[in-house]
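In what follows, a structure is listed as C-alpha cells, so that the remarks can point back to it.
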Number of protein chains: 2
Amino acid sequence: MLAYATTSPTPIGYPTGQTAADPGDLWSTATRQTFARNRAIYSEGDRADRVFKVVSGAVRTFQLLEDGRRQVNAFYLAGEMFGLEATGDYRFSAEAIVASQILVLRRERLSTRIASEPALMGDLWRMTASELERAQAHFALLGRKSAVERVASFLISMGERTGTNGAIELPMSRQDIADFLGLTIETVSRTMTLLEERKLISIPSARRIVIRDRRPLMALDS
Amino acid sequence: MLAYATTSPTPIGYPTGQTAADPGDLWSTATRQTFARNRAIYSEGDRADRVFKVVSGAVRTFQLLEDGRRQVNAFYLAGEMFGLEATGDYRFSAEAIVASQILVLRRERLSTRIASEPALMGDLWRMTASELERAQAHFALLGRKSAVERVASFLISMGERTGTNGAIELPMSRQDIADFLGLTIETVSRTMTLLEERKLISIPSARRIVIRDRRPLMALDS
DNA sequence: CGCAAACTTGAGCGTACTCAAGCGCAGTGG
DNA sequence: CCACTGCGCTTGAGTACGCTCAAGTTTGCG
C-alpha cells in the first residue's frame, strides 16, 4: 500500500535508462527533531516552508470544523513523508501521536538540492502522486463503506504498513481511529469487539490487535 | 478553489527568479479527442500512459466496489486536468458525463518535453499537490458532515468553479452527485428540496440550480 | 496505591437508507 | 395533436445503522 518508491512504467522527469538519485538521500541534510506526544508539528495556517519524514513514532494530520468535529486525514508511520501537499500555507495540522523523531527539511534547501539534481523533482512528484492515490482510495471507505468494513480496512492496512502482519501495535487512540474512519469512538470500540466475537481478531490490550483470520477480514475490506 | 497555477511561496524545482514555462503550453502538442456521454476515457487497470485536460464538457472519476457501490472521486470541468495521480495502472476509472472534448497527452511525450524543460516537472508537481489538497479537503465532507452540509458544500463549490455564481448548470445526474457526496440519490433529492423550501436555492429545473441566499448556505458549508 | 484518561458497554434515538410509487419531461410514433 | 414510452427525479413510509448520552471498567502513570 505504501510503495513510495514505486517507479512509473514511463518515468517522467529524467530520460529512460538514467536512474534518479535515491529519494532517501534527500534527507541527508535534514535536521532531526523530537516531538512529544500530542505536540503540534505544524498548524493550519502556518506557512508551508518545510517537508517532513518520520524516523520513529507516528503522526496524524487532521482538520477541525468550527464546531470541533475533527477529521483525521492520514497517519504517518516510520519511513513515511508528509507535508508534501502544502503549497502556500498548511491547510491541515500535524501532531505527533506518540513521542516521535522527525526529519525536517526546509523547502529552500530542497529547492537548492533540486536545482543541482533535477531528477529529485520527479521523485517528489511521484511521492505526491502516490499520496494522492492513497487519499482517493480512502474516499470509498468514507463515502460508501459500513462501520465493520471501515474498521476491517483499517486493521488490514495497519497490518501491512507496520510489516508486523498479525500482531499490530496501534500508536493511536480509539478517538484518532474514529476521526480517521468517520465514525464515533463508541462505534469503533463496538466494532472491534464484534470482530473479536467473530474470532477474526483478538484484542490482548486496547492498543494491541492480533489478526486471527485474515481472509474474511479482507473480504470485508471489499 | 481551483487555483492550479498557484505559485508556492518558495518555488521548488527551479531557481528563484527564473519563471516556469506556462503549464498550459504543455498541451500544445496534445491531441484533442471527443467523448460521447457516458463514454469511458480510461478504466481501472488500464496502463496509465496518458494525462488529460478538459476542453469542454465534464468528466467524473470513480471507483466501484465488488457489489456495485460506486464512489465518485472527483468531477473535472473545462480547464481542469486529471489522470495525474496514476503511476503504474489507473486505479480509478474516468468517464465523460456529457459529450466532452478532452486534450490527451501521452506520458512519453510529456517526458520528452520535461527532459528539455525541467521546470515543467515542478509545474506537474504543484498541480498534483493542489489536487491532493482538494482531495484531503473532501475528507471532512465525507467523514464528518451531514447531508445538508454536503449538498450545500457541493453547490457552493460548483458555483465557484463554473464562475456562474448564482445560476448553476449541473452537467451531472443526481446519482453522480450522490456517489460523490457519499449519499443516496433520494437523500440528495430530498435535501435539494429542503434547501429550496428554506429559500436558500431555487430549482427551475433539476439540472439548473439558482443560489438565492449564499450566506446561510456557506454557513452550512462549515 | 490512587487518580485521570482511555476504553467498553448499554439504552434509546435520529438521520439517512431501503423499498416503492408517482411525477415530469423529452423523444417517438400513430 | 396527443398517446405512449423511458428515464431521471421526487416523494412517501418504514427501517436500520450508527450516533448520543450515560454509566461502568480498565489501563497507565505519578
Side-chain angles (χ1 to χ4, degrees), chain A residues 36-38 58 60 65 67-72 97-99 141-155 168-198 201-209 220, chain B residues 37-38 60 65 67-72 97-99 141-155 168-198 201-209 220:
Chain A
R37 182 176 131 90
N38 292 329
R60 61 176 166 255
L65 304 186
D67 58 1
R69 282 177 290 178
R70 186 179 71 153
Q71 176 65 41
V72 169
I97 294 173
V98 294
L141 182 143
L142 290 175
R144 285 287 172 243
K145 288 188 180 178
S146 69
V148 217
E149 291 172 326
R150 292 183 200 204
V151 172
S153 291
F154 173 72
L155 292 175
I168 306 166
E169 209 70 50
L170 296 177
M172 69 289 285
S173 69
R174 292 288 186 273
Q175 188 63 63
D176 287 331
I177 299 172
D179 289 345
F180 179 62
L181 298 180
L183 299 171
T184 58
I185 182 173
E186 294 94 334
T187 299
V188 170
S189 187
R190 273 187 252 274
T191 305
M192 294 262 197
T193 306
L194 178 74
L195 291 175
E196 189 179 34
E197 283 166 1
R198 287 199 204 160
I201 63 173
S202 57
I203 314 179
S205 79
R207 299 292 182 103
R208 195 177 173 77
I209 310 288
L220 280 176
Chain B
R37 182 176 129 90
N38 293 328
R60 60 176 167 255
L65 304 186
D67 59 1
R69 281 177 290 178
R70 187 179 71 153
Q71 175 65 40
V72 169
I97 295 173
V98 294
L141 183 144
L142 290 175
R144 286 286 171 243
K145 289 189 181 176
S146 69
V148 217
E149 291 172 327
R150 293 183 200 204
V151 172
S153 290
F154 173 73
L155 292 176
I168 306 167
E169 209 69 51
L170 295 176
M172 69 289 284
S173 69
R174 292 288 187 272
Q175 187 63 63
D176 287 331
I177 298 172
D179 289 345
F180 178 63
L181 299 179
L183 299 171
T184 58
I185 182 175
E186 294 94 334
T187 299
V188 170
S189 187
R190 273 186 251 274
T191 305
M192 294 261 197
T193 305
L194 178 73
L195 290 175
E196 188 179 34
E197 283 166 2
R198 288 201 204 158
I201 63 173
S202 58
I203 314 180
S205 79
R207 299 292 181 101
R208 194 175 173 80
I209 310 288
L220 280 176

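Quick note: numbers below take in every heavy atom, side chains included, and nothing from hydrogens, waters or symmetry partners. Here is how names work: the chains are called A, B, and so on, in the same order as the sequence lines, proteins then strands, and each is numbered from 1. A quick note: this is a predicted structure, and the numbers were derived from the prediction, not measured.
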Task: Closest listed nucleotide, where the reference is the side chain of Ala206(B) and the choices are dT10(D), dT11(D), dC17(C) - done: dT10(D)

Open item on the list: Rounded to whole Å, how long is the line connecting atom CD1 of Ile185(A) with atom P of dT8(C)?
Closed with: 8 Å

Open item on the list: Any base atoms under 4.0 Å from Ser205(A), or only sugar-phosphate, or nothing? Heavy atoms, all strands.
Closed with: nothing

Task: No-H, no-angle donor-acceptor pair, Arg190(B) side chain to dG12(D) base, under 3.5 Å - done: yes

Task: Asp179(A) versus Gln71(A), closest heavy-atom pair with distance - done: O-NE2, 3.1 Å

Task: Spacing between Leu181(B) atom CG and dC17(C) atom P, to the nearest angstrom - done: 11 Å

Task: Nearest non-hydrogen partners of Arg150(A) and Lys145(A), listed with the distance - done: NE-O, 2.8 Å

Task: d(CZ, Arg208(B); C1', dC25(C)) in whole Å - done: 17 Å

TODO: Remember a base hit wins even if backbone is also touched, and classify Arg144(B) as base, sugar-phosphate or nothing at under 4.0 Å, heavy atoms.
DONE: nothing

Open item on the list: Determine whether Leu65(A) and Glu149(B) satisfy the following criterion, side chain to side chain contact (heavy atoms under 4.5 Å, CB included), listing intermediate values before the conclusion.
Closed with: CA-CA 12 Å; Leu65(A) 304 186; Glu149(B) 291 172 327; 5.7 Å; no

Open item on the list: Pair Leu195(B), Leu220(B) - check side chain to side chain contact (heavy atoms under 4.5 Å, CB included), show working.
Closed with: CA-CA 11 Å; Leu195(B) 290 175; Leu220(B) 280 176; 4.1 Å; yes

Open item on the list: What is the distance, to the nearest angstrom, from the CG atom on Asp67(B) to the C1' atom on dT18(C)?
Closed with: 15 Å

Task: Nearest-angstrom distance from the residue atom CG of Asp179(A) to P of dC7(C) - done: 12 Å

Task: 5' precedence on DNA chain D between Pro204(A) and Ser189(B) (nearest-nucleotide basis) - done: Ser189(B)

Task: Integer-rounded Å distance: dG8(D) P and Asp176(B) CG - done: 10 Å

- [ ] Give the rounded distance in Å between these two atoms: CG of Leu194(B) and P of dT11(D).
- [x] 11 Å

TODO: Determine whether any donor atom in the side chain of Glu186(B) lies under 3.5 Å from an acceptor atom in the base of dC19(C), or the reverse, and answer yes or no.
DONE: yes

Task: OP1 or OP2 of dT11(D) under 4.0 Å from side-chain N/O of Arg174(B) - done: no

Open item on the list: Would the base of dG28(D) count as contacting Arg207(A) through its side chain, where contact means a donor and an acceptor less than 3.5 Å apart?
Closed with: no

TODO: Starting at atom CD1 of Ile177(B), determine the distance to atom P of dC9(D), rounded to an integer number of angstrom.
DONE: 8 Å

- [ ] Ignoring backbone atoms, test whether Thr187(A) places a side-chain nitrogen or oxygen under 4.0 Å from the OP1 or OP2 oxygen of dG18(D).
- [x] no

TODO: Verify the neighbour count for atom CZ of Arg37(A): are there more than 12 heavy atoms of other residues, nucleotides or ligands below 6.0 Å?
DONE: no

Open item on the list: Looking at Thr184(A), I'd like to know whether one of its side-chain N or O atoms comes within less than 4.0 Å of OP1 or OP2 on dG18(D).
Closed with: no

